[in-house]
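Basis for what follows: all heavy atoms, side chains included, without hydrogens, waters or symmetry-related copies.
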Amino acid sequence: MDSNHSTDALAAARSLQVFTHIYVSMATFWTYDYACSIREEGIFLFCSRWSRVKLLYVVTRYVPFLLFTAHLYLNFVPDEISDTCQFVNNICSCLSMISIICSECFFILRTYVLWNNNKVVLAAMLSTFATLIVVSIVALFSATAIAPFETSLIPGITGCYQSSGGVRLFVPYLLLFGLELMLISLTLTCVIQKWRTTNNRLYVIILKHNVLYYACGLGFSMVNVLTSLLLDYAYSGMFQDFQIIVHAILATRMHLHLWHVNRSDDPGGFTSIILSDLAPTTYNEPSYD
């Protein structure tokens, strides 16, 4: 890069390069994961019955492809203008919201099942989740509206970033941290209450999946809060979509694993797996959509 440019211009250009490299790495990892699981996923898609949970799986699984397409366009197409950056970024924000909502819905349902379909627990989770969604939408789009997008002044450096106001983007991840903390607390409470009396294989798998998912969510959310508050240029958002992608991979992979375990345990009944049958009171014939 030309040393005649200002320090700010050089720092912004480096941040855009790092952001692009991270996104290309994410796209490569997502494609590799899809290729590795395509056989298991094909069996699931063609052999399981259609249901709301299966539709949730399809949306969670394939929305990131659209997210990658939009972001890679933003990262590699030269000569973007601020309006174009804002328009494409709004599309990416919508896709990110859809993806994380679907991923979280999987584990809200699972936590609800672990608590034996307790309506109070469900109401607490849904009210918290609804608050998170509304506040996140307001924070995301208000930050985009007040913070202009800028491109690099150095020739050959593509992509754009928000020059100011992006600090507001820590809000959705702080709220997500709170949601994950509540959900992992509910899961661990359930483990403490029932670990000696539960011998259902699928029930134990759900407990392990929930703890791993929430732990990853807590870690990534804290990283994104800190980077949004402490870093500048494109660095501030370099791990935000990475968290979205990891959530989607974990949610879909864990659902596939649970479905295939149930199929191997009951080869004749795997095409009709009912989520509510996984409640702790129905140990004889556990099922999952």
Does one side chain, of T187 or Y213, offer a donor that lies under 3.5 Å from an acceptor on the other? no
Please determine, by modelled atom types, if E104 and H247 share a side-chain donor-acceptor pair under 3.5 angstrom. yes
Establish, yes or no, whether the cationic atom of R61 lies under 6.0 Å from the six-membered ring centre of W30 and within 45° of the ring axis. yes
Validation row: [X], [Y] side chains within 4.5 angstrom (heavy atoms):
| X | Y | answer |
| --- | --- | --- |
| Q243 | S103 | no |
| R110 | M254 | yes |
| F177 | V225 | no |
| I244 | D241 | yes |
| T28 | V24 | yes |
| L181 | Y214 | no |
| F242 | N224 | no |
| L45 | V58 | yes |

In terms of hydrophobic clustering (I, L, V, M, F, W, Y; side-chain heavy atoms under 4.5 Å; direct or indirect links), are L126 and L132 co-clustered? yes
Could you see if L72 belongs to whatever hydrophobic cluster contains Y32? Use Ile, Leu, Val, Met, Phe, Trp, Tyr and a side-chain cutoff under 4.5 Å. no
Sub-3.5 Å donor-acceptor pair from the side chain of [X] to the main-chain atoms of [Y], do we have one?
| X | Y | result |
| --- | --- | --- |
| S99 | L95 | no |
| S136 | I133 | no |
| H260 | E40 | yes |

So, taking the atom named CD1 in I91 and the one named CG in L67, what distance separates them when rounded to the nearest 0.5 Å? 11.0 Å
In Å and rounded to the nearest 0.5 Å, what is the CE to SG distance from M97 to C94? 8.5 Å
Do the two ring centres, one from Y57 and one from F44, sit under 6.0 Å apart? yes
Where do [X] and [Y] come nearest, in terms of heavy atoms and distance?
| X | Y | value |
| --- | --- | --- |
| V211 | I184 | O-CD1, 4.1 Å |
| T60 | L56 | OG1-O, 2.7 Å |
| K54 | S48 | NZ-O, 2.9 Å |

What orientation do F65 and Y62 show, parallel under 30°, tilted 30 to 60°, or perpendicular over 60°? parallel
